[in-house]
Amino acid sequence: MRPPFPGTPDSSEKSANLTVELETQGVSVYYGSHLAVKQVSLKIPKNHITAFIGPSGCGKSTLLRCFNRMNDLIPGARVEGSVIFHGKNIYDPDVDPAEVRRRVGLVFQKPNPFPKSIYDNIAFGPRVNGYQGDLDELVERTLRQAVLWDEVKDKLKMSGLSLSGGQQQRLCIARTLAIQPEVILMDEPCASLDPISTLRIEELLKELGRRYTIIIVTHNMQQAARVSDFTAFFNTEIDDEGLRYGRMVEFNRTEKIFNSPAHRETEEYVSGRFG
Amino acid sequence: MATQVAAQANLFRRKARSKRVVLDWVMTGLTFASSIFAIVVLASILYYVFVNGIERFNWQTLTQLPPPPGDQVGGFGNAVLGTVIVVSIAISISFPIGLFAAIYLSEFGQNSSTASALRFVIKVLTGVPSIIAGVFAYGVLVLSTKTFSALAGGVALSVLTLPIIILSCEEALRLVPADTRAAAYALGASRVQTVFRVVLPAALPVILTGVTLAIARAAGETAPLIFTALFSFLWPDGLLKPIASLAVLIYNFAIVPFENQQKIAWGGALALVILALITTVSFRLLLSRRQETITI
């Protein structure tokens with residue numbers, strides 16, 4: 001038997017000023033009858049960047065989508081266990097998933113701006129959520145936050161799709177910031193970008209990490225090491241019937257995961273001696 | 001060294017008589033010939049209509065009423081107006097219903113058994129001969145109101161265009177990527193907000209193309225109008241009276257033995273073609289202007 005997987009980062013130094021933003025309690029996800037992620041319990045610290053790393057099929061993206069109930073949109077997907085946010089299980093029947101998603105934003109793997117103008121891309125979220133303030137000001141502020149303002153300020157009426165891939169992804173980040181979320185989920189946000197765009201997004205992430213709780217899924221271990229404060233390592237396991245599922249192996253401060261992991265499989269993965 | 005290079009160059013040389021190369025030529029030739037054939041057929045129809053119709057396509061024919069037999073003047077002004085009226089009635093019935101049905105099929109029903117059953121019925125409806133749509137409107141409207149009317153003609157054409165509009169709108173909505181929908185949901189939009197503020201605007205250009213096709217189809221139909229809208233030698237006079245239309249005018253005048261009438265029929269045919277052209281071009285312009293402000 002394996003030792004129980006820790007759900008809380010190292011309780012020693014600095015942990016006194018960590019507050020928990022999101023907590024999963026025994027979360028399992030099924031697609032139909034197929035188990036995708038098994039029994040994950042972890043606590044996501046507030047106003048820090050948490051990275052989910054692991055090989056393909058380990059369920060890190062699936063788990064990410066539990067935090068804002070995006071799995072609801074996949075036919076046949078079922079979530080067991082609880083995701084606690086503000087003391088409330090967001091999977092309780094009386095919870096409105098749209099309200100959860102307004103507080104927990106998601107940036108997708110592939111940049112997916114709406115086929116609307118740059119301005120309307122940003123304004124869409126605030127509009128559907130009944131934003132009462134000055135939209136022009138909000139659009140400018142979020143574009144500045146996403147370090148895109150200088151590049152697009154003269155062409156706000158042009159289509160979001162006319163931007164380059166890296167700009168589109170920053171537009172998508174700005175669009176998420178515009179709904180003023182408390183948590184931002186990012187599903188491999190740099191997977192389809194070139195190295196220079198990736199660098200810019202990473203700088204932006206570090207900046208945002210001071211004020212937002214960010215969870216980022218990444219295939220890129222260097223990226224996790226560069227940007228994150230905490231890292232959860234996921235791995236695949238094969239059950240008695242030969243079916244593959246994902247589980248969390250280890251969760252700790254990023255430097256611990258990369259320098260002195262508690263599990264051998266973590267060490268093998270982060271040092272590239274995997275499989 | 002030189003021979004080596006030469007040998008390498010030889011390696012990549014096209015082998016003129018190989019089976020693959022011959023097949024390549026044959027297939028390219030076949031596809032090219034087929035497309036040329038299709039264009040020639042279309043172009044000769046247009047040419048024939050133009051050459052025969054241009055003589056009676058002028059301000060006089062566009063503004064005058066059809067002549068009685070034996071008269072040497074007259075036109076088809078009431079038929080142009082009648083076609084516009086009847087087609088407008090048809091589209092204003094079938095477009096809203098068709099669009100909402102398509103939204104149900106693509107966004108709400110999706111793969112439910114109700115949606116699959118509906119989709120099957122609609123596909124069957126597209127294959128229904130147009131005269132059946134006319135018989136239906138005759139039974140429902142002409143018999144109950146005891147008069148042939150523009151309204152009955154419009155309803156007959158709406159029955160005919162409804163399945164076309166539903167299927168083309170559903171196709172247009174399905175072309176909107178799932179990622180775009182997911183992005184709207186992830187920003188806290190409800191299903192209705194996602195459909196009406198994101199999916200529908202994104203699909204609009206393709207939807208309008210489908211509507212253009214439906215309009216062109218409706219304007220050219222004769223059979224459903226013969227015993228619904230009937231025909232009139234007078235200007236349109238209310239929706240509950242018989243009304244003239246270009247298609248029925250062509251049908252009526254092409255088969256009579258009077259040369260003047262036959263020429264007017266040709267003029268009407270040209271008017272119909274031009275009407276379809278104007279519709280298509282104006283929708284295109286509308287779309288490209290919209291794209292200019294948004295895309296470039």
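Below, read A as the first sequence line, B as the second, and so on, with proteins coming before strands; counting in each chain starts at 1.
At a heavy-atom separation below 4.5 angstrom, chain B is approached by no residue within residues 141-151 of chain A.
Residue-environment remark: OH (B:Tyr104) exceeds the threshold of 12 foreign heavy atoms within 6.0 Å. Around atom NZ of A:Lys206, more than 12 heavy atoms belonging to other residues, nucleotides or ligands sit under 6.0 Å away. Taking a 6.0 Å sphere around CG of A:Asp92, one finds it holds more than 12 heavy atoms contributed by other residues, nucleotides or ligands. Open room surrounds CZ on B:Phe50; 12 or fewer heavy atoms of other groups in view lie less than 6.0 Å from it. Enclosure of atom CZ in B:Phe108 by more than 12 non-hydrogen atoms of other residues, nucleotides or ligands within 6.0 angstrom is indicated. The local environment of CZ in B:Phe100 is sparse, with at most 12 non-hydrogen atoms from other residues, nucleotides or ligands closer than 6.0 Å.
Nearest heavy atoms, B:Ala182 versus A:Met70: O-CE, 3.4 Å. A:Phe114 approaches B:Thr180 most closely through the heavy-atom pair CE2-O, 3.5 Å.
The backbone N or O of B:Asp179 sits less than 3.5 Å from a side-chain atom of A:Asn112, completing a donor-acceptor pair.
The structure places CG of B:Leu187 at 9.0 Å from CG of A:Leu106, a figure rounded to the nearest 0.5 Å. Taking CZ of A:Arg101 as the reference point, atom OG of B:Ser190 lies at 10.5 Å (rounded to 0.5 Å).
The greatest number of non-hydrogen atom pairs below 4.5 Å with chain A, out of B:Gly188, B:Ala178, B:Ala189, is found for B:Gly188.
At least one side-chain heavy atom of B:Arg197 sits less than 4.5 Å from a side-chain heavy atom of A:Val128. Inter-residue side-chain proximity for B:Arg181 and A:Leu73 is flagged as unmet; no heavy-atom pair is nearer than 4.5 Å.
Of the atoms belonging to A:Arg175, heavy atoms from both backbone and side chain fall under 4.5 Å from chain B. Of the two parts of A:Arg127, the backbone and the side chain both hold a non-hydrogen atom closer than 4.5 Å to a non-hydrogen atom of chain B.
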